[in-house]
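Heads up: numbering here begins at 1 and tracks the sequence. In this text, all values refer to a predicted model and were calculated from it rather than measured experimentally.
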Amino acid sequence: MTLYIGRESSKLWKRICAEVVTEINLLAANWKYLLAGIVGQYIHGLAARGVHYIHRPGPTLQDAGFFLLPELGEERAYISETLFNFIFLSFVLWTFHPFIFKSKKIYTVLIWCRVLAFLVTCQFLRILTFYSTQLPGPNYHCREGSKLARLPPPETVFEALVIVPKGVLYGCGDLIFSSHMIFSLTFVRTYQKYGTQRFIKQLAWLLVVIQSLLIVASRKHYTVDVVVAWYTVNLVVFFIDKKLAELPDRTAASLLLPLSTKDKDSKTKEENHKLLNGMSGDPADRRQRTQVNGKISEDGNTVVHADATMNGA
């Protein structure tokens, strides 16, 4: 058992090292896209914080979802956040599975380049919508009488440019459309295309539907915020996915992954075996060779040297 564990651990370590080398090469070629995506997340955070400064609390608007779904209450608002965190962390872990598992279909760097392109585009559209019209927030901390419903103007540039976790969790005014749904739908659609487990795909879609209902039941968004997110994110991902280059197939891993010593030795032995048997590596060069009277003919054309002369010649 100890020997088996040691052998498997060695294989896993080699697999991780090979994947790290591959991903570093991809990162060196695509770091600009990743950096642009990260900057886009920061700009989106600043925009969401900025709209909180101009948010004006007021009566909660009439909403069909509020009428149909029972209110969870402030003490159970954590349920929707818990589900979102589960979807988020599950997707992040899946994108790093090529470092561990032998069977893989994606490259981590390339999949995140793709995901960030989807996210940034959706977030840009989101900024346009929630700055166009500011709705009174339905969340408990955004209602009239709450100290968090309005933010005092920033006193310093540092305060204006720094995003704190509390501001992310207790934001107001950035309603149309739901940021949680942007992330969840982008992640699920990406796994739908590049994932391999059918059950997980079906479960993921079910969890996103449940999350949609929980967001409305928790009064974190109006129903329109969730509905707009459903068709906007799906359309954005659909059209941008057509414009982006398709991810390379991992079955052609030799293009990016270096051969191990064992693979190189095996390939060399195979080539030597072919040469010893009179076969080259090119199938088109495998011609029929026939031995006749000590001479070798090719392509079926036999050369025969007669020992006797004919007609006195």
Side-chain angles (χ1 to χ4, degrees), residues 19 22-23 25-45 47 83-84 86-99 101 103-130 176-212 215 225-253 255-257:
E19 193 69 26
T22 300
E23 296 293 347
N25 293 333
L26 292 173
L27 180 60
N30 298 277
W31 66 271
K32 295 180 181 179
Y33 304 110
L34 292 176
L35 180 61
I38 294 172
V39 171
Q41 301 307 300
Y42 173 72
I43 294 174
H44 174 255
L83 179 58
F84 171 75
F86 174 77
I87 295 173
F88 188 96
L89 293 176
S90 298
F91 180 80
V92 171
L93 291 176
W94 172 74
T95 61
F96 284 90
H97 82 273
F99 288 87
F101 295 99
S103 175
K104 59 197 75 174
K105 187 178 179 181
I106 63 169
Y107 293 100
T108 303
V109 170
L110 298 183
I111 201 70
W112 274 109
C113 288
R114 208 174 192 86
V115 168
L116 286 171
F118 301 150
L119 292 177
V120 170
T121 305
C122 291
Q123 289 164 343
F124 174 75
L125 296 175
R126 181 174 189 259
I127 292 171
L128 291 179
T129 55
F130 67 62
I176 301 176
F177 41 97
S178 171
S179 180
H180 285 61
M181 293 303 300
I182 291 177
F183 280 92
S184 297
L185 286 170
T186 299
F187 292 166
V188 171
R189 280 197 60 112
T190 302
Y191 186 82
Q192 176 70 32
K193 182 174 182 179
Y194 298 106
T196 56
Q197 301 298 322
R198 183 179 179 184
F199 170 75
I200 296 180
K201 294 179 182 181
Q202 296 173 344
L203 178 63
W205 282 111
L206 176 62
L207 291 179
V208 174
V209 172
I210 294 175
Q211 180 187 303
S212 303
I215 287 175
D225 307 336
V226 176
V227 172
V228 171
W230 266 97
Y231 63 75
T232 303
V233 176
N234 279 290
L235 287 173
V236 167
V237 173
F238 175 78
F239 284 108
I240 293 185
D241 186 64
K242 284 182 170 293
K243 297 295 183 181
L244 296 177
E246 190 52 77
L247 295 183
D249 188 2
R250 290 227 66 171
T251 56
L255 299 176
L256 290 173
L257 287 176

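A side-chain donor-acceptor contact under 3.5 Å links Thr108 to the backbone of Thr95. The backbone N or O of Ala229 lies less than 3.5 Å from no partner atom in the side chain of Thr232, so there is not a single donor-acceptor pair.
At a threshold of 4.5 Å between non-hydrogen side-chain atoms, the residues Phe118 and Thr121 do not count as touching. Residues Met181 and Val233 have side chains not in contact (no heavy-atom distance under 4.5 Å, counting atoms from C-beta outward). Residues Lys105 and Pro98 fail the side-chain proximity criterion, which asks for heavy atoms closer than 4.5 Å. Side-chain atoms of Ile87 and Phe183, non-hydrogen and from C-beta on, never get closer than 4.5 Å to each other. Glu23 places a side-chain heavy atom less than 4.5 Å from the side chain of Phe99. Side-chain contact between Arg114 and Leu110: absent, with no pair of heavy atoms (C-beta onward) separated by less than 4.5 Å. Looking at heavy atoms from C-beta onward, Arg126 lies out of side-chain contact with Ile176 at the 4.5 angstrom threshold. Within the 4.5 Å cutoff, the side chain of His97 has heavy atoms near those of the Ile106 side chain.
With a 6.0 Å radius and a threshold of 12 heavy atoms from other residues, nucleotides or ligands, Phe86 has its CZ atom at or below the threshold. Counting heavy-atom neighbours within 6.0 Å of Phe124 CZ, excluding the residue itself, gives a total of 12 or less.
The heavy-atom pair separating Gly40 from Val120 by the smallest distance is CA-CG2, 4.2 Å. Across Ile240 and Ala117, no two heavy atoms sit closer than the pair CD1-O, 4.2 Å. Counting all heavy atoms, side chain and backbone alike, Phe101 lies closest to Lys104 at O-CE, 3.0 Å. Among all heavy-atom pairs drawn from Thr186 and Thr190, the shortest one is O-OG1, 2.7 Å.
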side-chain contact (heavy atoms from CB on, under 4.5 Å) between Leu83 and Phe88, worked out: CA-CA 9 Å; Leu83 179 58; Phe88 188 96; over 6 Å; no
Verdict with reasoning, Val208 to Phe187, per side-chain contact (heavy atoms from CB on, under 4.5 Å): CA-CA 10 Å; Val208 174; Phe187 292 166; over 6 Å; no
Test side-chain contact (heavy atoms from CB on, under 4.5 Å) applied to Val209 and Trp230, step by step: CA-CA 10 Å; Val209 172; Trp230 266 97; 4.2 Å; yes
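Each of Tyr107, Tyr33, Phe91, Phe96 was compared with Trp112 under the ring pair (Phe, Tyr, Trp, His ring centres under 6.0 Å) criterion, and only Phe91 meets it.
The aromatic rings of Tyr191 and Trp94 sit perpendicular, their planes meeting at an angle over 60°, well past the 30° parallel limit. Relative ring orientation between Phe84 and His180 is described as tilted, the plane-to-plane angle lying within the 30° to 60° band.
Remark: Phe130 pairs with no residue by the ring pair (Phe, Tyr, Trp, His ring centres under 6.0 Å) rule, at least two apart or across chains.
Ion pairing between a basic and an acidic side chain is recognised when a charged N comes within 4.0 Å of a carboxylate O; Arg189 and Asp241 show no such pairing.
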